[in-house]
Protein chains: 2
Amino acid sequence: MRRSSVETKAVILAAARERFAADGYDKATIRAIAADARIDPAMVMRYFGTKEKLFAAAAEFDLELPDLAPEQAGAGLVRHFLRTWEADEGLQVLLRTGVTNEAAAERMRTIFGGQVMPLVIDLTGDPERAPLRASLVASQLLGLALSRYILKFPPMVAATEEELVAWLSPTVQRYLTGP
Amino acid sequence: MRRSSVETKAVILAAARERFAADGYDKATIRAIAADARIDPAMVMRYFGTKEKLFAAAAEFDLELPDLAPEQAGAGLVRHFLRTWEADEGLQVLLRTGVTNEAAAERMRTIFGGQVMPLVIDLTGDPERAPLRASLVASQLLGLALSRYILKFPPMVAATEEELVAWLSPTVQRYLTGP
DNA sequence: GTGGATAGTCAACACCTGTTGGCCTACAAT
DNA sequence: ATTGTAGGCCAACAGGTGTTGACTATCCAC
């Protein structure tokens with residue numbers, strides 16, 4: 001079969017995102033990704049050069065935080081995070097591999113540091129405690145993702161979005177703006 | 001050199017715990033563990049049979065939750081968790097590999113489900129919501145470990161034990177006994 | 001129709017993995 | 001001193017990994 005270059009590249013990237021998200025960096029082999037894309041492993045190298053570059057492309061990700069009213073920032077963040085996680089595999093890719101891969105961990109740090117911190121400063125006007133506040137928020141949000149989507153604690157899997165928002169919002173709100 | 005059988009086995013196990021804790025299951029190779037223990041890789045197989053069995057031995061772990069007064073359960077849990085994490089590599093081993101390994105994830109579920117849930121029932125007398133409460137506690141505690149020890153968010157690394165306890169206790173306390 | 005570019009395949013490479021069996025070698029009991 | 005046992009090492013296996021280069025097949029422009 002013969003496809004256009006950009007089409008094939010997109011197919012490979014989609015397969016890579018799925019595999020990386022499901023298995024992490026090491027277990028997601030080039031051969032498996034190529035098989036998913038119904039293509040020869042050599043094509044993956046042709047289009048992306050190296051496994052690391054393919055990973056970098058697959059882990060492209062942006063939190064895209066919306067504007068949030070100060071008193072609803074906690075609830076808004078939790079809800080936004082849950083939906084982003086389910087809509088975009090990028091976060092899952094990063095978490096699954098960030099645990100054993102320093103480069104992915106670094107990206108995680110810049111994503112949360114770089115995107116949540118400005119929100120905190122905007123909400124509190126206090127740049128000094130903003131880094132810690134942002135990290136606390138990240139700790140709860142990533143703990144949520146870990147227990148619900150990765151480790152799959154049954155009660156977390158069974159909970160509805162609204163239940164989780166109700167339980168976690170006060171926590172996140174306090175980390176953002178509380179004493 | 002010649003050591004006693006039990007001695008060598010202990011040396012191997014110690015090296016394995018370190019390697020698994022630092023690198024996770026896949027990247028911690030038998031050869032690397034053997035090199036750390038200054039021994040031939042074949043010895044590892046001789047004493048533990050297989051890599052999976054070696055991992056099972058290295059991931060042996062118990063939370064050993066203490067008795068906690070109801071109104072200090074949150075603070076007590078956070079402090080106990082932090083100290084356990086730093087004293088025993090078992091938790092780190094489990095988290096690093098549970099992210100990409102179903103067997104380790106299962107152990108994680110039974111450890112937190114099986115040990116935190118009774119505490120919740122004891123504190124609240126409400127068995128119905130106990131599983132969700134325990135999972136929420138786990139989400140925050142594991143999120144703490146993830147951001148501080150694995151992803152190494154700088155503000156979380158820099159924070160003192162007391163600061164972290166102060167920030168996280170209200171959260172954990174509310175998950176345990178709050179509305 | 002013919003040429004050249006471009007999508008795709010194949011087979012092999014060098015390396016690393018867990019795992020195995022045979023071979024030493026030091027010790028303790030006889 | 002001899003022997004049996006148990007700790008330890010070596011070399012190799014079979015399979016899987018990322019990566020490479022030569023080769024084929026298809027399309028489009030002329």
Side-chain angles (χ1 to χ4, degrees), chain A residues 1-60 93 96-104, chain B residues 1-60 93 96-104:
Chain A
M1 206 196 312
R2 224 178 129 89
R3 284 170 289 198
S4 88
S5 164
V6 290
E7 201 177 346
T8 302
K9 199 168 174 180
V11 170
I12 294 173
L13 193 65
R17 286 172 77 84
E18 262 184 59
R19 278 284 188 194
F20 281 131
D23 300 339
Y25 187 84
D26 291 305
K27 289 176 132 166
T29 69
I30 296 271
R31 282 172 168 84
I33 292 168
D36 287 358
R38 251 175 283 277
I39 228 170
D40 192 274
M43 294 302 288
V44 179
M45 310 309 293
R46 228 178 181 24
Y47 284 118
F48 291 91
T50 193
K51 187 182 182 183
E52 281 200 24
K53 288 184 193 164
L54 173 62
F55 175 78
E60 206 75 47
V93 170
R96 270 247 162 73
T97 88
V99 167
T100 47
N101 181 305
E102 174 52 25
Chain B
M1 203 196 318
R2 228 178 126 90
R3 285 172 288 201
S4 86
S5 164
V6 291
E7 201 178 345
T8 303
K9 199 169 175 180
V11 171
I12 295 174
L13 192 64
R17 286 172 76 85
E18 261 184 61
R19 266 302 216 274
F20 281 132
D23 299 341
Y25 186 83
D26 291 305
K27 289 176 132 165
T29 68
I30 296 271
R31 281 172 168 85
I33 292 168
D36 286 358
R38 253 175 282 275
I39 226 168
D40 192 273
M43 295 302 290
V44 179
M45 311 308 295
R46 226 175 177 35
Y47 283 116
F48 291 92
T50 195
K51 187 182 181 183
E52 280 199 26
K53 287 183 195 165
L54 172 62
F55 175 78
E60 207 77 45
V93 170
R96 271 246 163 73
T97 87
V99 167
T100 47
N101 181 306
E102 174 52 26

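Just so it is clear, the structure is predicted and the values come from calculations on it, not from any experiment. Just so it is clear: chains get the letters A, B, ... in the order the sequence lines come, proteins before strands, and each one is counted from 1.
Inter-residue side-chain proximity for B/D36 and B/R19 is flagged as met; some heavy-atom pair is nearer than 4.5 Å. B/Y47 has its side chain out of reach of B/L54: every pair of non-hydrogen atoms, C-beta onward, lies at least 4.5 Å apart. Using a 4.5 Å cut-off on side-chain heavy atoms (C-beta onward), A/I39 and A/R3 make contact.
What you find for A/D23 and B/T100 is that their closest heavy atoms are O-CG2, 3.4 Å.
The backbone N or O of A/A32 sits less than 3.5 Å from a side-chain atom of A/T29, completing a donor-acceptor pair. In terms of modelled atom types and a separation under 3.5 Å, the side chain of A/S4 and the main chain of A/E7 share a donor-acceptor contact.
Taken residue by residue, residues 23-31 of chain A places heavy atoms nearer than 4.0 Å to DNA chain C at A/R31. Residues of residues 43-55 of chain A having a heavy atom closer than 4.0 Å to DNA chain D, listed by number: A/M45, A/T50, A/K51.
The side-chain tip of A/K27 does not point at the ring of B/Y25 from less than 6.0 angstrom away and within 45° of straight on.
With C/dT9, D/dC10, D/dG8 as the choices, the nucleotide that has an atom nearest any side-chain atom of B/T8 turns out to be D/dG8.
Rounded to a whole Å, the CG atom of A/D40 is 14 Å from the P atom of D/dT20. Atom NZ of A/K9 and atom P of C/dG8 are 13 Å apart (whole Å).
Put simply, B/S5 has a side-chain N or O that comes within less than 4.0 Å of OP1 or OP2 on D/dG7.
The distance from the CE atom of A/M43 to the NZ atom of A/K9 is 11.5 Å, given to the nearest 0.5 Å.
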